[in-house]
**Student:** 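One structure coming up, written as structure tokens, with questions to follow.
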There are 2 protein chains.
Amino acid sequence: MNSPEISSGAQKVLSAAQELFANEGYASVSIAAIADRAQVSKANIYHHFESKDELYCAVLKAACLASAEMITHDAGQDNNYAKQLTNFARSHVLHLTNNPSVSTLVIRGLLEESSNIDATTNDLTAHDFDCNFNRLVTLIKAGQVAKQIKPEINPSTLATLMIGANILFMKARNVLDEVPDTDYPLDPENFANTMIDILLHGVLTEQQEDKLL
Amino acid sequence: MNSPEISSGAQKVLSAAQELFANEGYASVSIAAIADRAQVSKANIYHHFESKDELYCAVLKAACLASAEMITHDAGQDNNYAKQLTNFARSHVLHLTNNPSVSTLVIRGLLEESSNIDATTNDLTAHDFDCNFNRLVTLIKAGQVAKQIKPEINPSTLATLMIGANILFMKARNVLDEVPDTDYPLDPENFANTMIDILLHGVLTEQQEDKLL
DNA sequence: ATTAAAACCGAACGGTCGGTCAGTTATTGG
DNA sequence: CCAATAACTGACCGACCGTTCGGTTTTAAT
């Protein structure tokens, strides 16, 4: 069921590499460090993978696969698009917070331009990101066709809002919880709900909305 | 007016280091590469800076300073908070897109946990981020006191939406413009406007809003 | 039991890394 | 004009980098 070439030893290496690459980036992680964590010899890594680059690509590929898999699981063909957006936001932010190393890898690939590594890594993460991003855009457009979402809003902008906020939430949680900003919603589901609330109904009070007419 | 110890030679090194660190990260950039770009010898760098770590800290410090300076320039004490939010979003996204290397440095520091470098770098970027983040939160709370922004929305969530979307926009623009997603707003100001529109008024059509009552 | 392939290791390789040092040039105050 | 100091350099160091190689153990099919 898996790819043809995943022995248990290679899997140990992959897991160790994934965690280290996600936490510290490509260049900071040495083969020796990966070998240490995987409890194998340095030479053994080169028995399973051609080079450090190839190992990184393999790690990234696995991460993208896992990242793409999760979003597939919604597909609840509800006709209520508010609910569908909520589900997307919730499952997305849960995926981010539950699989931080996978997510970090994909995001890092996205945010780091002109990688010194093989160009395929860029395409890999870009395609994966595009995949999830476009799924959301498609969902939004469907909501517009169903006349539940305003026709004049830009689907890409809305998608950027949702995904950008989720990413920042995941990453900034570690930083912000040190500061006692008492009202910051640390629970992912809680955050997704308050976020969707804003996006669905806007932030202006009714009297302000009336004033604009 | 400047810090006491910024000769012209040191400044050349700083600029070169800033660009390289922003584009490729700390570990990928060698002192030799910085020396090459600054057109000085490797040894000269150690005449101006104690170590690679200290150089990176200096670069980051300058970036945070520049980043903090820009947001200070709004302060338009308008009583219209919709307009103030728009101004914030616009100046923020313009700052990001116009100073990509500065922004990338701060963001990178934010998103990379447990840096192998001195812990002060984390505090540095975290404090800078907090500064801008809290400024926005304060603005939102003022809007709530003025009864222009709904009292039940969470200021931190709204701030995360705005800042997260702007960051993702800045970073993903390079990736997404390859794909012919025709309706993606590539112009920063345009993006800020469509984003604020969504946040102010929500995305649901009126008939959907009515249905919820 | 034999054997071939796969998994694994210790030791070493050329190269680059951050960092040092002795020495040379430019700058500047007295 | 002269010292003293800052700016700057080429050559070099030990450590660590990714990678390779020769050889040993494990696995599994015959």
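We use all heavy atoms of the structure for the numbers below, so side chains are in, but hydrogens, waters and symmetry mates are not. The shown structure was predicted, so the numbers you read here are calculated from the model rather than taken from an experiment.
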**Student:** Checking the side chain of A/Lys52 only, and the main-chain atoms of A/Val29 only, is there a donor and an acceptor separated by less than 3.5 Å?
**Tutor:** yes
**Student:** Nearest 0.5 Å, please: how far is CG in A/Leu139 from CG in A/Asn134?
**Tutor:** 12.0 Å
**Student:** Quick one: list whatever passes ring-ring contact (aromatic ring centres under 6.0 Å, His included) with A/Phe49, sequence neighbours left out.
**Tutor:** none
**Student:** Would you kindly say whether B/Tyr184 and A/Thr157 are connected by a side-chain donor-acceptor distance under 3.5 Å?
**Tutor:**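 Not at all, the side chains of B/Tyr184 and A/Thr157 share no donor-acceptor pair under 3.5 Å.
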**Student:** Between B/Gly9 and B/Lys42, which is nearer to the 5' end of DNA chain D once each is assigned its nearest nucleotide?
**Tutor:** B/Gly9
**Student:** Evaluate the side-chain proximity of A/Lys150 to B/His201: yes if any heavy-atom separation is below 4.5 Å, no if none is.
**Tutor:**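 With C-beta onward as the side chain, the pair touches.
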**Student:** Look at all strands and tell whether B/Ser41 reaches a base, only sugar-phosphate, or nothing, counting heavy atoms closer than 4.0 Å.
**Tutor:**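 It contacts base atoms.
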**Student:** Closest nucleotide of DNA chain D for A/Ala43 versus for A/Val29: which of these residues is on the 5' side?
**Tutor:** A/Val29
**Student:** Using a heavy-atom cut-off of 4.0 Å across all strands, would you classify B/Val13 as base, sugar-phosphate, or nothing?
**Tutor:**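 Contact class for B/Val13: none.
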**Student:** At the 4.0 Å heavy-atom cut-off to chain A, mark where contacts on DNA chain D begin and end, going 5' to 3'.
**Tutor:**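 Result: D/dC17 to D/dC21.
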**Student:** With sequence neighbours left out, write down each residue that passes ring-ring contact (aromatic ring centres under 6.0 Å, His included) with A/Phe21, or none if nothing qualifies.
**Tutor:**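 Once residues adjacent in sequence are excluded, the partners of A/Phe21 under the ring-ring contact (aromatic ring centres under 6.0 Å, His included) criterion are A/Tyr26, A/Tyr56.
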**Student:** Relative to the 5' end of DNA chain C, which residue comes earlier, A/Gln39 or B/Tyr46, by the nucleotide with the nearest heavy atom?
**Tutor:**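 With A/Gln39 and B/Tyr46 compared, the 5'-side residue is A/Gln39.
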**Student:** Per the atom types in the model, does the base of C/dG19 pair as donor or acceptor with the side chain of B/Lys52 at under 3.5 Å?
**Tutor:**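 Absent.
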